[in-house]
Amino acid sequence: MAKELKELTNREENYSQWYNDLVVKAGLAEYSAVRGCMVIKPYGYAIWEKMQQTLDRMFKETGHENAYFPLFIPKSFFSKEAKHVDGFAKECAVVTHYRLKNDPDGRGVVVDPDAKLEEELIVRPTSETIIWNTYKGWIQSYRDLPILCNQWANVVRWEMRTRLFLRTAEFLWQEGHTAHATREEAEQEAERMIRVYADFAENWMGVPVVIGHKSENERFAGAEDTLTIEALMQDGKALQSGTSHFLGQNFAKAFDVQFTNREGQMDYVWATSWGVSTRLMGALIMAHSDNNGLVLPPRLAPTQVVMIPIYKGEEELVAIGARLKEIAAELRAAGVSVKIDDRDHVRSGFKFAEYELRGVPVRLAMGPRDMAAGTIEVARRDMLTKETLPQQGLAQHIVSLLDRIQQGIYDKALAFRTANTTRVDTFEEFERTLDEKGGFVLAHWDGTAETEEKIKELTKATIRCIPWDAPAEKGVCIYSGKPSPRRVLFARSY
RNA sequence: CGGGGUGUAGCGCAGUCCGGUAGCGCGCCAGCUUCGGGAGUUGGAGGCCCCGGGUUCGAGUCCCGGUACCCCGACCA
């Protein structure tokens, strides 16, 4: 690989370009031949798989089961929930035909006009409609409830502008869809799942998040309440990293899903849906990376420790390689994922730089001097520090080091967020903070959609959420001067 | 859909103003020397210069028409 390939564009000058370069050069993903669609490369997918496995386990621990619903949704399903169709209509891929044929003029293949579908099919942008159409057949009595299903799937949203991982025309995600007998139970479910997401973001990804309610403007199309986790990226923009919606009875009414309750009366089912996507990959990258490349939290790194032999000639390589294998076995026995890089056609310095770019948390290097002294060089990616330690007892040291790195990455991100969260009381201060500093801005808001809209128009900042833990605090709206009961979280966002 | 920009080797680009038959850097292949932070050197392979038409003895270069992609907005996980 070229030196040139490793050199990233300047992060301060153009964060977007830098991000794009990093994703491509670290081997995570790249754009494909299809406009707006992304190829997730093996290294990127390995990280996503780690995320998937962890989340999947968390979903199962909270009583959920996986299922799978169709990719295609009949067009008529969309018109059943008015707000829902409003929210998604503009960005749908539509299947109109089911057959191709050879062009009679010999110019390759054309769509067969005789194979027009009676009813067009929408490639799912989200699955509420097809799922509620299905749930209708599953639910008669309160004894059939709750239904707690999740699906891992791809969805398509025909976005005009795309960015690797953050917004692509097709993306991978999970969507949970639950059905409940009571409002309270559904509300609790929505809260439980946003907590699961926050737990995952903070304890696995090392990304601190603010949990809160979306304002009416920012709410999911068809939801009564949307809970969100909001993370702060290093360029000062917010990223909505996961959402959990309380859907009320909207979809049950749209798809006529009624059940007989304990009292023997008919009622509509209460619903939630919740999801996170490959966008989390973007959050991971933008929250931790530095000028040398990715910084992966150990709990999600496909390779936690890379071992690099430093040697001259075949003989040394054999001897050092053998010792590295012994140490690798000890590390694996301690539950650490290890890779030995004994490629002979690239030099060690090249490997150092490459694994830094790819964010591998710990690097071990061993050369003849270490062999003689019984030592090994241990370098940590997050701090870019290294020390020489005895080989004796290394496994234990690495296990605790990985824990410290995991914690260190989170602490650093949290410190960044704290330093970039500003409380402001005037509109002038609000604008200046956004322009000069960026980050999260806590300010008073009068609670109206009009004010939110106006602020967005003037500053491009939106209400990221009304934080759960926001203390009651009397104040006046920075825009309208009307009374406000608490501060809300504003930011410019992805 | 508006406003800018770019299509030349696998990647990044120069050459286009002023027409003369294809260059640079990196990568790739082979050899030798190297090897504790992105190796050095010698040799080599690799091009429908985005597509179509026109002008010309001659077009990567000029003219006309397409098309693709990128960036900035509007839309959004």
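Everything numeric in this text was worked out from a predicted model, so none of it was measured. Residue numbers begin at 1 in each chain, while the letters A, B, ... track the order of the sequences.
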Worksheet item: Under 3.5 Å, is there an N or O donor on one side and an acceptor on the other linking the side chain of Arg363(A) and the base of G37(B)?
Response: yes
Discussion item. Arg299(A): which residues meet the salt bridge (Lys or Arg N to Asp or Glu O under 4.0 Å) condition with it, sequence neighbours left out?
Written reply: none
Worksheet item: By side-chain contact (heavy atoms from CB on, under 4.5 Å), which residues pair with Gln52(A), not counting sequence neighbours?
Response: Tyr45(A), Trp48(A), Glu49(A), Trp152(A)
Discussion item. Looking only at the side chains, is there a donor atom on one of Glu175(A) and Asn150(A) sitting less than 3.5 Å from an acceptor on the other?
Written reply: no
Worksheet item: Is any side-chain N or O of Lys386(A) under 3.5 Å from a base N or O of G37(B), one able to act as donor and the other as acceptor?
Response: yes
Item to complete: Please list, chain by chain and in numerical order, all residues satisfying salt bridge (Lys or Arg N to Asp or Glu O under 4.0 Å) with Glu120(A), sequence neighbours excluded.
Response: Lys75(A)
Worksheet entry | RNA chain B-proximal residues of residues 198-208 of chain A, any heavy atom under 4.0 Å | none
Worksheet entry | Contacts of type side-chain contact (heavy atoms from CB on, under 4.5 Å), residue Lys214(A), not counting sequence neighbours | Glu218(A), Thr226(A), Thr228(A), Glu230(A), Gln240(A), Arg464(A)
Worksheet item: Roughly how far apart, to the nearest Å, are G19(B) and C51(B) at atom P?
Response: 22 Å
Discussion item. Check the phosphate of G36(B) against Arg369(A), side-chain N and O only, distance under 4.0 Å to OP1 or OP2. Yes or no?
Written reply: no
Fill in: Nearest-angstrom distance from the residue atom CD of Glu354(A) to P of A39(B)
11 Å
Fill in: Distance, P atom - from C57(B) to G46(B), rounded to whole angstrom
34 Å
Discussion item. Taking side-chain contact (heavy atoms from CB on, under 4.5 Å) as the definition, give me every residue that meets it alongside Met160(A), ordered by chain and number, with sequence neighbours left out.
Written reply: none
Item to complete: Can you run down the salt bridge (Lys or Arg N to Asp or Glu O under 4.0 Å) pairs that involve residues 276-287 of chain A, sequence neighbours left out, and say none if there aren't any?
Response: none
Worksheet item: Who passes salt bridge (Lys or Arg N to Asp or Glu O under 4.0 Å) against Lys412(A), sequence neighbours left out?
Response: none
Discussion item. Can you say whether a donor on the side chain of Glu356(A) sits under 3.5 Å from an acceptor on the base of G37(B), or the other way round?
Written reply: yes
Worksheet item: Of Asn250(A), Thr126(A), Leu247(A), which is the lone residue that meets side-chain contact (heavy atoms from CB on, under 4.5 Å) with His84(A)?
Response: Thr126(A)
Give me the distances for all protein-to-nucleotides 5-7 of chain B N/O pairs that come in under 3.5 Å?
none

Discussion item. According to side-chain hydrogen bond (donor to acceptor under 3.5 Å, both in side chains), does anything in residues 191-208 of chain A pair up with another residue at least two apart or in another chain? List the pairs.
Written reply: Gln174(A)-Tyr197(A), Glu189(A)-Arg192(A), Asp199(A)-Asn203(A)
Discussion item. I need the residues from residues 276-296 of chain A with at least one non-hydrogen atom less than 4.0 Å from RNA chain B; give them sorted by number, or say none.
Written reply: Ser277(A), Arg279(A)
Worksheet, complete the sentence: By side-chain contact (heavy atoms from CB on, under 4.5 Å), Ala365(A) pairs with (sequence neighbours left out) Ile310(A), Phe352(A), Glu377(A)
Fill in: C1'-based separation of C1(B) from G38(B) [nearest Å]
45 Å
Worksheet item: Which part of the nucleic acid does Gln240(A) contact within heavy-atom distance under 4.0 Å: base, sugar-phosphate only, or nothing?
Response: sugar-phosphate
